[in-house]
Amino acid sequence: MKQQGPDNRPFLFSVYFKENKNMSKSYTIEEIKSIEIKWQNFWAEKKIFAADNNSTKKKYYVLEMYPYPSGKLHMGHVRNYTIGDVIARFRRMQGYNVLYPMGFDSFGLPAENAAIKNNSSPRDWTNKRMDDMVAQMKQMGLSYDWSRFLFSHDPDYYKWNQWIFIQMFKKGLVYKKKSLVNWDPVDQTVLANEQVIDGKGWRSGAEVEKKEIEQWFIKITAFVEDLLNDLDGLDDWPEQVKTMQRNWIGKSEGTIIRFDVVDENGNKIDELETFTTRADTVFGIEYVVLAAEHPKCKKWIHGKAFETEVADFIKSVEKQSLVERLGEGKDKNGKFLGVYAVNPVNGRKVPIWVADYVLMDYGTGAVMAVPAHDQRDFLFAKKYQLPVSVVIKSADKASLLADELKEAFVEEGVLVNSAQFDGTNSAKAIAAIAQWMEEKGFGCRTTTYRLKDWLISRQRYWGTPIPIYYDENNDPQPIAEDQLPVILPDDIEFGRGNPLETSESFKFYTDPNTGKKYRRETDTMDTFFDSSWYYMRYTDLNTKQIFDKDVCNYWMPVDQYIGGIEHAILHLLYSRFFTKFLKSIGMINYSEPFKRLLTQGMVLLDGEVMSKSKGNVVDPDEMIQKYGTDALRLFILFAAPPKDQLEWNDKAIEGSWRFLNRIWNFTEQYNPDFKEDVDLASLSAADKDMERERAATIKKVTEDLISYKFNTAISSLMILMNNVDKYLAGEQTPVKGSVINRLIRTVIQLLSPMTPHVCEELWQNIGSPQESIVHALWPEFDEAALKQDTVQIVVQVNGKLRGKFDVPAEISEDDLKEIVLADDSIQKFIQNKPIRKFIYIKGKLANVVV
RNA sequence: GCCGAGGUGGCGGAAUUGGUAGACGCGCCGGUCUCAAAAACCGGUGAGGGCAACCUCAUGUGGGUUCGAUUCCCACCCUCGGCACCA
């Protein structure tokens, strides 16, 4: 029964809590599931999460890396999407116009391999898996704007892959070249350098072979300096990712040295260039060495007595797989080529060798060898009894003796035996010698990169067809833009080489103007092409262009991108390149796609990464069936900060379940008719403390959500609830009812980005003016409400904690000193020693030094 | 070898413009409820010592700066991740 208090307000415990005082009810999973479905349907029907392309509000674009449709969400996905959803929901409540879309990276080999195995269609296989995963995402209550759903195998999407390809082609950034490429013998396709990991195919794990084939490349190196330099402006990217990209780009500055090549009689027969970063060692060159693939090797040995022997050696090196060749501590092998290089700095004639330790695709594919100061050259020289001469010595020691060297002296030092440069230190000498050589015409300064152009053609079916045909002269020509998309055909046959070559309908292109038939390109694009720009497409799916420029410029760049560290190089580097390209042709006005990047940690079980092959997976579906989505989300957010690895714990998720039950019970028993206003004048000290804690929790949760410290945000809400119990334990007053009324609304709101279903249910149950909690603005607090009248001062003697004192917040140092020194428990430690110093940190701590 | 991140109870983790180390949660121990169990709720829980109030020790190791160090400096050890015969 409700009673009426003064001014018609109900009061007393039995009033502001409903009569059922059973605080310990545990909700059933059926109840949880039913409210989850109820609110998911509600949100969908009301289009609560639709982003507005014509809004005047401040925008916020949250994005997770779109997944490959593998068939089922794993815990890593759940973690990734939960983090993104919390951010999206939080920003919406803060009043931003939020874009939060989802799609699928749906081209790729697994679909094709599965289709071959089951004799079915990659399209059906993929569509089925996408449907399953979308259902799971919906079950998680993720607040995506589903009206912007996209997937790469949609002709409306890959049409624009082809369009971008043609724009790049027109700008000369796409080219076809016969070159030595990485061939995956299992997946029967070429791979980009980035897709070769430790000499093995990134998907198949097969040892990659080198093959010379004509392939399509994208000139990513055209933007190499921007790709490197702009990393410095990405303040909100993890240092680790930026470092990985810098390493991958691998810029190094050095000098190209030009050698005259002479025969044994000293007659000039050719020239050669080498690259070095150690110009300070040029006076110590003892031989020059080429990579096996260097074209001059074959030229110079032609017709020589040892031609066959050396040619066989070169062939054997070329045949070696990357694994064999790059093994650490590999023995170095080489052959003399029968010709000599003349060192321009001192005129010395040194032999030219070919060796397996020199790489063709770095620098010039040829190296000046200085055995005394390079460990590889040193080992090679010792093996083949080549001379060693010292040109650098350690600054504080006598000159090294070549004969006594056990290993190369690779550190910087002071030059010796280097003519006019003797006595110069290495760092200065590198610059001085480079400049001198440049003046003399011996060489030039240059910059080289590890980054190579991106090989994008694949001899597989399930990808975007490359929009090219070959004219009468067999020159590649782009398909006319009004003929796009070039549709991926269905009449193909697997198992007979490149699948598109088996398609009668596809093989030939008929020029719409002349009716002439041409041969089409039958390779498809690397799927990383698809994922390099999809985030721009989300901004505007309904236009007949790639996207509306203004709309794209409004939403982009992505404010928060979230994904796994495994994409630190490939996807992120390619996306940055695409952005720079699209900007260069005037399509967009920003030069970096992702403002802030969060790489979430992996989910582990017993310290190991969950994986199907290891059999140590926890199925998120099972957890949702057992505890509900909200408890799963809460656990994942609470167990570890987003960047850290997360150790799965079957027991700990029950803690999240308990906490949600507690909030629910508490709210259920609460009488929603009770007035929310708090009359400040009638507050007791305990009431004020509770009000202050409410304000402090708003502050803490807000700050933590901004900095993605979800674990501490949740813990501060738990602490608040613990304190509520203590607060209610005493005498019940109407004021307490008001204080609690306000508090419970705050808790539900603060928690709602993390556990949206339970919070929406409770928010609606306690009666709210908004259609949805999503539309309720984020709670604010008054800084003044945080002020405390009394504070606890920690008192130390000589830095050791000896007591705690409750004093007025504004107490002066002298007053405090008096109180502290009068206290027996402090005097005990001071005894009769003189006080040397009294340190007071306002409102916090005092230290008596004796 | 180079580059980056990190090392805190039985476990996940908190605390850094230098100021109460171990918040919060899990687990464990004890209790309430129950015929009993589960669930739920309440209390305790770094180690060592003491009947107790309390005391001592403790944030990978060893030093240093400071009234005071998980936090700053120096040297080292270990773990994880990336790159690497890159000239």
Side-chain angles (χ1 to χ4, degrees), chain A residues 22-26 197-198 238-248 250-252 254-255 274-278 281 289 291 325-332 355-359 361-370 373-377 379-380 410 448-450 565-566 568-569 599 601-602 604 634-635 638-641 643-659 661-662 665 709 711-719 721-722 725 792-804 825 828 836-841 844-850:
Chain A
N22 175 12
M23 294 281 285
S24 57
K25 183 186 170 194
S26 182
I197 294 145
D198 293 334
E239 211 46 54
Q240 187 191 5
V241 173
K242 288 189 278 186
T243 303
M244 283 165 74
Q245 293 220 351
R246 285 191 190 103
N247 286 344
W248 189 262
K251 178 176 179 170
S252 84
T255 309
T274 65
F275 172 77
T276 184
T277 53
R278 289 296 300 271
T281 64
V289 59
R325 220 164 145 180
L326 298 180
E328 197 172 346
K330 256 300 262 157
D331 196 27
K332 292 158 182 50
D356 56 4
Y357 76 94
V358 178
L359 307 169
D361 55 8
Y362 186 77
T364 60
V367 176
M368 62 170 224
V370 185
H373 305 295
D374 182 285
Q375 185 59 19
R376 294 153 301 179
D377 300 344
L379 292 172
F380 192 80
V410 296
T448 65
Y449 303 91
R450 217 189 72 106
I565 187 77
E566 66 273 19
I569 299 173
T599 48
M602 305 221 195
L604 310 181
L634 192 66
F635 167 70
F638 183 58
K643 273 181 262 184
D644 293 8
Q645 297 189 323
L646 187 152
E647 181 69 39
W648 181 263
N649 184 331
D650 270 332
K651 279 286 181 189
I653 190 175
E654 291 183 15
S656 299
W657 165 267
R658 278 197 285 268
F659 181 65
N661 265 287
R662 190 171 162 195
N665 276 314
K709 287 148 99 183
N711 54 336
T712 49
I714 293 164
S715 93
S716 68
L717 286 164
M718 288 173 169
I719 293 167
M721 289 307 290
N722 290 346
D725 285 352
Q792 190 178 64
I793 303 289
V794 172
V795 177
Q796 301 178 329
V797 177
N798 285 343
K800 291 204 167 160
L801 174 68
R802 297 302 182 193
K804 296 172 184 181
S825 60
K828 197 166 85 187
R836 282 207 292 138
K837 227 184 202 180
F838 185 86
I839 296 157
Y840 175 50
I841 309 296
K844 268 191 180 167
L845 173 145
N847 191 6
V848 185
V849 186
V850 296

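So that the names make sense, note that chain A is the first sequence line, chain B the second, and so on, each numbered from 1.
Of the C1' atoms belonging to B/G31 and B/G19, the separation is 38 Å, rounded to the nearest Å. Across B/G6 and B/A69, the matching P atoms stand 23 Å from one another, rounded to whole Å. For B/A37 and B/C28, the P atoms lie 16 Å apart once the distance is rounded to whole Å. Rounded to the nearest Å, the gap between the P atom of B/G22 and that of B/C67 is 25 Å. Comparing B/A21 with B/A47, their C1' atoms sit 14 Å apart, to the nearest whole Å. As rounded to the nearest Å, B/A58 and B/G68 have P atoms that lie 15 Å from one another. The separation of B/G7 from B/U16, taken at their P atoms, amounts to 14 Å, rounded to a whole angstrom. For B/C86 and B/U17, the P atoms lie 43 Å apart once the distance is rounded to whole Å.
By the rule that a glycosidic angle within 90° of 0 means syn, B/G9 counts as syn.
Expressed to the nearest 0.5 Å, how far OG1 of A/Thr281 lies from NE2 of A/His373 amounts to 7.0 Å.
Distance from the side chain of A/Phe638 is smallest for B/G25 among the nucleotides B/G25, B/A87, B/A15. Comparing B/A14, B/A40, B/C42 against the side chain of A/Pro641 picks out B/A14 as the nearest. When distances are taken from the side chain of A/Asp356 to each of B/C26, B/C85, B/C24, the shortest belongs to B/C85. Out of B/G12, B/A87, B/C85, the shortest distance to the side chain of A/Tyr362 is found at B/A87. Considering only side-chain atoms of A/Ile719, the nucleotide from B/C24, B/G19, B/G4 that sits closest is B/C24. Among the nucleotides B/G4, B/C85, B/A23, the one closest to the side chain of A/Ser715 is B/A23. The A/Met718 side chain lies nearest to B/C24 when the options are B/A15, B/C24, B/C26. Of the candidate nucleotides B/A23, B/C42, B/G81, B/C42 has the atom nearest to the side chain of A/Asp725.
The two atoms that bring A/Val289 and A/Tyr357 nearest to each other are CG1-OH, 3.8 Å, heavy atoms only. The shortest non-hydrogen separation linking A/Ala640 to A/Asp644 is CB-CB, 4.5 Å. Residues A/Thr599 and A/Pro238 approach most closely at OG1-CG, 3.7 Å, considering heavy atoms.
Protein atom CG of A/Asn661 is 8 Å distant from nucleotide atom P of B/C41, rounded to whole Å. Remark: P of B/A5 and CD1 of A/Ile565 are 12 Å apart, rounded to the nearest angstrom. The distance from atom CD of A/Gln645 to atom P of B/G7 is 13 Å, rounded to the nearest whole Å. Separating the CD1 atom of A/Ile569 from the P atom of B/A84 is a distance of 8 Å, rounded to the nearest angstrom. In this structure, A/Lys651 atom NZ and B/A38 atom P are separated by 10 Å, rounded to whole Å. Going from atom NZ of A/Lys251 over to atom P of B/C83 covers 21 Å, rounded to whole Å. Following rounding to the nearest Å, A/Glu566 (CD) and B/G82 (C1') show an atom-to-atom distance of 13 Å. Atom CG of A/Asn722 and atom C1' of B/C24 are 8 Å apart (whole Å).
For B/C2, neither phosphate oxygen OP1 nor OP2 lies less than 4.0 angstrom from any side-chain nitrogen or oxygen of A/Asn247. Proximity of A/Arg450 to the phosphate of B/A84: a side-chain N or O atom is located under 4.0 Å from OP1 or OP2. Contact check, A/Arg246 against B/C3: no side-chain N or O comes under 4.0 Å of OP1 or OP2. Taking 4.0 angstrom as the limit, A/Asn665 places none of its side-chain polar atoms (N or O) nearer than this to OP1 or OP2 of B/A40. Contact check, A/Arg376 against B/C86: a side-chain N or O comes under 4.0 Å of OP1 or OP2. Regarding contacts with the backbone of B/C57, a side-chain N or O of A/Lys800 is found under 4.0 angstrom from either OP1 or OP2. Put simply, A/Arg802 has a side-chain N or O that comes within less than 4.0 Å of OP1 or OP2 on B/C55.
Across all strands, A/Gly363 comes closer than 4.0 Å to no nucleic acid atom at all (heavy-atom distances).
Side-chain atoms of A/Val849 and A/Asn798, non-hydrogen and from C-beta on, do get closer than 4.5 Å to each other. A/Ile565 has its side chain within reach of A/Val241: a pair of non-hydrogen atoms, C-beta onward, lies under 4.5 Å apart. Annotation: side chain of A/Lys332 is in contact with side chain of A/Asp356 (closest heavy-atom distance under 4.5 Å). Here the side chains of A/Glu647 and A/Leu604 are in contact, with some heavy-atom distance below 4.5 Å.
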side-chain contact (heavy atoms from CB on, under 4.5 Å) between A/Arg376 and A/Val358, worked out: CA-CA 10 Å; A/Arg376 294 153 301 179; A/Val358 178; over 6 Å; no
Chi angles and distances behind the side-chain contact (heavy atoms from CB on, under 4.5 Å) call for A/Met244, A/Gln240: CA-CA 6 Å; A/Met244 283 165 74; A/Gln240 187 191 5; 4.1 Å; yes
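Take the nearest nucleotide of RNA chain B for A/Asp361 and for A/Arg658: the residue whose nucleotide is more 5' is A/Arg658. The nearest heavy atom of RNA chain B to A/Ile653 and to A/Lys804 marks one nucleotide each, and the one closer to the 5' end goes with A/Lys804.
Checked against side-chain hydrogen bond (donor to acceptor under 3.5 Å, both in side chains), A/Arg450 has no partners two or more places apart in sequence or in another chain. Listed by chain and number, the residues in a ring pair (Phe, Tyr, Trp, His ring centres under 6.0 Å) with A/Tyr362 amount to none (sequence neighbours excluded). Looking at residues two or more places apart in sequence or on another chain, you find a ring pair (Phe, Tyr, Trp, His ring centres under 6.0 Å) between A/Trp648 and A/Phe635.
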Which atom pairs link the protein and nucleotides 62-72 of chain B when you take only N or O atoms and keep those under 3.5 Å?
residue, atom, partner, partner atom, Å
B/C67, O2, A/Asn847, ND2, 2.2

Nucleotide N/O to protein N/O under 3.5 Å, stretch nucleotides 9-11 of chain B:
none

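Judged by distance alone, with hydrogens and angles left aside, the side-chain atoms of A/Asn665 form a donor-acceptor pair with the main-chain N or O of A/Asn661 at under 3.5 Å. Under the 3.5 Å distance criterion, the side-chain polar atoms of A/Arg278 are matched with a main-chain donor or acceptor of A/Val410.
Both key distances under 3.5 Å define a Watson-Crick or G-U pair, and stretches of 3 or more such consecutive pairs in RNA chain B run B:1-7 with B:77-83, B:10-12 with B:24-26, B:27-32 with B:40-45, B:46-49 with B:54-57, B:60-64 with B:72-76.
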